[in-house]
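What follows is one structure encoded as structure tokens, with my remarks underneath.
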Amino acid sequence: MLALKPNYKVDVHHGSLSKDIRINTEKKLKAGELKAVVCTSSLELGIDIGDVEFVVQYMSPKQVTKLIQRIGRSGHMIGGKSRGCIIAAWPDDVLEAAAIAKFASKGVLETPKIHENPLDVLAHQVIGLILDYRKTSFDDLYRIVTRAWPYRNLSQNKFGNVIKQLEKSHFIWRDGDIIKRRKSRVFKYYYENLSMITDVKHYDVIDFIQRGKIGTLDQEFIARNGKPGQEFIMHGQNWRILRINDEKGFVQVEPVYQSFGAIPSWEGEVIPVPFDIAQTVGKIRGKIAETIAHNQDITPIFEGFSLDRTASDNVVNIIRRQLKANYTVPTDNRVLIESFEKYVILHCCFGNLVNEALGKMLASTLSSRFSASIGTRVDPYRIAFIMPFYVDPELVREELVKLRPEKVKAILANSLSVTSLFTWRLWNVAKRFGIVNRNATFQTSRGRMLVKIFHETPIYKETMREIFIEKFDLNNVQKVLNMTRSGEIEVQANRKSGNYSPLAFPILDRIASQDILRPVVPTQPIIELIKERLDNEEVRLVCVFNGDYQGVIKVRALKEIIKCPKCSSTLIAVTYPNNTKLINIVKKKNRPTKLTHKEEKAWLNAWKSASLVQNYGKRAIVTMAARGIGPNSAVRILHTYYRSENDFYLDIIKAERNYARTRMFWRNS
């Protein structure tokens, strides 16, 4: 906007901005001083905002309630009329947005999910009641609790298990049927846990190419999605995680080509598409495919949907391309399974929560079948399996058809217990039970230890309950499996080899190596960045011939031929700036004095480094100034013939990337 019209009165509102900036934007909007605000859902407008005339929703809002809440920010006054539009980004997004808009116009909203029998909340409320009454009986507590609607069906057995857990935690003690509070920790536990909102710390995100901080990721994002290879969006750029350091609290990343499926770095924006919306998208796909097959007019299909011609044409074109490539079009009652390289794509229009469950169940059964770990990625219309080798889609079809609806919870519970999602959730449930200190920092290893310790306790069961209700749609999973077994949903396995179908691209774009699908990020800008960074790196030079010189200098200040300024020797070792011990080791060697094993190792490393500098001059120092490239790695790079200087720097980038990915496995890291 500002590029087109610099004086246009526009502001930005986002949860990552400071409170003062957000409040200032809200005040100017209320006062009618702004023409536009670019915002996320962090801007919650009330009835007192009457100056918003139009809302532009970029990409599908994912749910009907979200669309109504956001478009409803306009004309928010008595007698006012809300007006807005959705700008969709790709064919799935177009149909999804159209389906949501139609549901909204008919007043069909998602049914809210109610948490029943949350055990962590129950534990806190029991302590509150005991603090009020000082002492009370088990039966009286149970009677009070079950008067609350969410606990109306709570069994005495579950209630008793929570009481036992609180007793083990030394918050209460029982004298027969009478329950009393302990004085030591009970007040601290109760008042520290008045809020059920999880406290999270933040990780610094470091660009490994420029070595600079580009932002932060919250702890929950890292716990759920933090693994090497995961792509996410930050500041409009896509990044891939290389390494995570829990102790120091940073994530090392590299820039990658923009893709459809990279996860937003603000976790609150990841909203699941419901089953009914995804089914509607599948149904429209089917009608379009059938109309194309019979060479009929497509226009009537879009009647009742608020789509412009460009949007509908994009949808029709992708369906035409799918059919032209001799692939079936997946619909609301047709599942397509295809393979490409080591990936299996299961096209299923069932929404995020059903697909998440199906993906985990199938990954579990396939892992058992092949005795190998299998990764999954999910969107509302696809499940992708990352296999260790090529797998015939017919085998996946067999496993899908064999899944039994009555086994859904058991299979999911078994597969969930080893996931990072479960570990993170249990850690926070344990906090709300007072087992983990409120200020304790999450670490994966500690979380996994808690999973083992509290297996089958109320803490474990509450974690499982939360995930089942928030992350899966079990009723529709069972419905889908019943329809699959009865044949109401057709499952086709396409053995076509060589290429992927057009409808598979959005999810393959998330998981496949970029050079398989299309070129990676344009290399020239990255090469210029790496050159600039290495030129600005400081290195320590040490004369290993006489040990009479050491100095710290920027790479850009070096001459092509490196010599000692005191003795003119060309045996100059390069090391990191803070390595002040090397000069003493060199002097000790030259006296000569016997070196320790560790010193001998450092000396040999310095000698190799000096030999490379003697032979290759400044080019050797440039190479070893890079992150994680020592003499051994530098030998390979310096001995390689490169057609251009760009290829030389690209090889350095690859070596740095490999170091970032494997450093955690090094003994001396």
Side-chain angles (χ1 to χ4, degrees), residues 1-2 4-89 93-114 149 266 268-278 280-281 284 299-312:
M1 284 183 188
L2 292 177
L4 295 172
K5 200 170 183 180
N7 296 323
Y8 199 68
K9 294 179 180 178
V10 58
D11 252 349
V12 177
H13 195 288
H14 189 281
S16 63
L17 298 174
S18 72
K19 184 179 179 182
D20 290 342
I21 292 175
R22 296 199 307 271
I23 290 174
N24 187 47
T25 298
E26 291 166 15
K27 285 181 177 177
K28 286 194 287 184
L29 182 61
K30 288 179 182 180
E33 297 174 8
L34 297 175
K35 291 292 186 182
V37 176
V38 180
C39 64
T40 65
S41 55
S42 63
L43 182 56
E44 299 294 344
L45 303 182
I47 196 71
D48 57 329
I49 304 290
D51 290 323
V52 178
E53 297 174 359
F54 196 83
V55 172
V56 178
Q57 165 73 37
Y58 177 59
M59 294 173 47
S60 162
K62 307 299 182 186
Q63 295 176 2
V64 181
T65 51
K66 299 298 181 185
L67 176 66
I68 289 175
Q69 189 270 335
R70 291 171 184 179
I71 299 296
R73 292 170 176 173
S74 66
H76 206 169
M77 62 185 74
I78 296 172
K81 186 175 183 179
S82 298
R83 297 173 62 247
C85 70
I86 304 171
I87 298 177
D93 204 43
V94 169
L95 287 184
E96 188 176 287
I100 289 170
K102 189 170 185 177
F103 275 51
S105 65
K106 291 183 176 180
V108 180
L109 308 181
E110 292 85 15
T111 303
K113 290 186 175 182
I114 306 298
W149 194 89
W266 52 98
E269 291 296 314
V270 182
I271 300 166
V273 175
F275 179 75
D276 291 340
I277 297 296
T280 303
V281 169
I284 301 170
T299 307
I301 294 173
F302 297 108
E303 289 178 1
F305 292 97
S306 304
L307 283 175
D308 65 19
R309 185 60 183 268
T310 302
S312 60

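Residue indices begin at 1 and follow the sequence shown. Remember, it's a predicted structure, so these values are computed and weren't measured experimentally.
Of all the heavy atoms in Met59 and Ala89, the pair that sits closest is CG-CB, 3.9 Å. Between Val12 and Thr25 the shortest heavy-atom distance is O-OG1, 3.4 Å.
The backbone N or O of Pro274 sits nowhere less than 3.5 Å from a side-chain atom of Gln63 that would complete a donor-acceptor pair.
Taken from CG in Leu307 to CD1 in Ile301, the straight-line distance is 11.5 Å, to the nearest 0.5 Å. Remark: Phe302 CZ to Ile284 CD1 distance equals 7.0 Å, nearest 0.5 Å.
Listed by chain and residue number, Lys28, Ala31 satisfy the side-chain contact (heavy atoms from CB on, under 4.5 Å) test with Glu33 (two or more places apart in sequence, or in another chain). For Thr299, the side-chain contact (heavy atoms from CB on, under 4.5 Å) partners are Asp297, not counting sequence neighbours. Under the side-chain contact (heavy atoms from CB on, under 4.5 Å) criterion, Ser82 pairs with Ile71, Ser74, not counting sequence neighbours. A search for side-chain contact (heavy atoms from CB on, under 4.5 Å) contacts involving Gln57 returns Pro61, Arg70, Ile86, not counting sequence neighbours.
Atom NZ of Lys113 sits in a crowded spot, with more than 12 heavy atoms from other residues, nucleotides or ligands closer than 6.0 Å. Summarising the local packing, CZ of Phe54 is surrounded by more than 12 heavy atoms from other residues, nucleotides or ligands at distances under 6.0 Å.
Here salt bridge (Lys or Arg N to Asp or Glu O under 4.0 Å) pairs that include residues 300-310, with residues two or more places apart or in two chains, are Arg309-Asp313.
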### Message
Let's go through Ile277 and Val64 carefully: what are the C-alpha distance in whole Å and the side-chain angles of both, what is the deciding distance for side-chain contact (heavy atoms from CB on, under 4.5 Å) to 0.1 Å, and is it a yes or a no?
### Response
CA-CA 9 Å; Ile277 297 296; Val64 181; 4.2 Å; yes
Pairs of donor and acceptor atoms involving the side chains of residues 96-109, under 3.5 Å and at least two apart or interchain, shall be tabulated with distances.
residue: Glu96; atom: OE1; partner: Tyr381; partner atom: OH; Å: 2.6
residue: Glu96; atom: OE2; partner: Ser60; partner atom: OG; Å: 2.6
residue: Ser105; atom: OG; partner: Lys102; partner atom: O; Å: 2.7

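Residues Cys39 and Arg73 are in side-chain contact: their nearest non-hydrogen atoms beyond the backbone lie under 4.5 Å apart.
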